[in-house]
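First listed ligand is number 1; within each ligand, the first listed atom is number 1. Position 1 is the first residue of the sequence; numbering continues from there. All values derive from a computational prediction rather than experimental measurement.
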Amino acid sequence: MERLQKIISEYGYASRRKAEELIKEGKVSVNGEIVTELGTKANKDDVISIDGIVINKNIKYEYYLLNKPRQVISSALDKEGRTTVVDLIKTDARIYPIGRLDYNTTGLILLTNDGDFANHLMHPSHNIEKTYVAKLEGIITNEDIIKLKKGILIDNRKVDIKRLKVKNKDLEKNTSLVEITIVEGRNHIVKKVFEKLNLPVIRLSRISYGFLNIDNLKSGEYRSLTIKEVKRFYSI
Ligand code: URA
């Protein structure tokens, strides 16, 4: 591990002094996350970008689609030592998840060591649709559906619901099963939407992300994205 400004200067991008300025200005990111603290250390295998451009290009990019099981954390490292999505993928590359799913949410999550790709996918203007299947406590009513279609306000911002399908209502167990498609990626957003309707989410799974789905992957299984799939995301 070396100081970030040292690595940046060794790559010939800028002097150490200049690199320090870039870090303070929030222009430097490591593995897709902006770093502003000067003491930060990194490894040459980490993907270091300045203004969104990767400076250590000689690394091989990897892209994975994982069917995340329950009780797995969506980050590269967990302070409490819990299993992370990265632990489930056999690679030496410094991959990290693109966005996050809650600890108990299952389903489709992408991982990569390509910061540009991650930023591209997470950019709000790209409006990538994500579909979730949610099991709700309570029976969803037509009024609830009307409210959802009008758009639910969460923290003063409307959640744009692209599609909603009621798949099942179990009157005996007092539960409903719905499929909901949204584009945004705010944390816990699906749970917050249904909480507003007094329909707590009991189980949540993401079944698709853009044109990708998890149809052929069992829980904990993963596959690499094809070059075609990576290019297709870039063309969005
Ligand atoms: N919305 C949630 O509430 N949780 C997730 O894990 C993903 C979307």
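Under the 6.0 Å distance and 45° angle rule, R232 counts as a cation-pi partner of F211.
In this structure, D92 places its CG atom where only 12 or fewer heavy-atom neighbours from other residues, nucleotides or ligands lie under 6.0 Å away. Within 6.0 Å of atom CD in E25, more than 12 heavy atoms from other residues, nucleotides or ligands are found, so the atom counts as buried in its surroundings.
Scanning the protein heavy atoms around atom 1 (N) of ligand 1, the nearest turns out to be V190 N, 3.1 Å. Among protein heavy atoms, the minimum distance from atom 4 (N) of ligand 1 is reached at D102 OD2, 2.8 Å. At the shortest separation from atom 7 (C) of ligand 1 among protein heavy atoms lies Y132 CE2, 3.5 Å.
The CD1 atom of I55 sits 5.0 Å away from the CD1 atom of I48 when rounded to the nearest 0.5 Å.
Applying the side-chain contact (heavy atoms from CB on, under 4.5 Å) rule to S29 yields the partners I34, S49; only residues at least two apart in sequence or on another chain are considered.
Close approach of ligand 1 to T105 is summarised as follows: ligand atoms under 4.0 Å from at least one heavy atom of the residue are 4 (N), 5 (C), 6 (O). Near I189, meaning under 4.0 Å from one of its heavy atoms, ligand 1 places the atoms 1 (N), 2 (C), 3 (O). Ligand 1 places these atoms under 4.0 Å from at least one heavy atom of L204: 1 (N), 2 (C), 3 (O), 4 (N), 5 (C).
Classified by interplanar angle (parallel below 30°, tilted 30° to 60°, perpendicular above 60°), the ring pair H126/H120 is tilted.
Any N or O atom pair closer than 3.5 Å counts here, and H188 shares at least one such pair with ligand 1. Checking only distances, K192 never comes within under 3.5 Å of ligand 1, N or O to N or O.
Under 4.0 Å from ligand 1, not a single heavy atom of N187 appears.
The shortest side-chain heavy-atom distance between F233 and L110 falls under the 4.5 Å cut-off.
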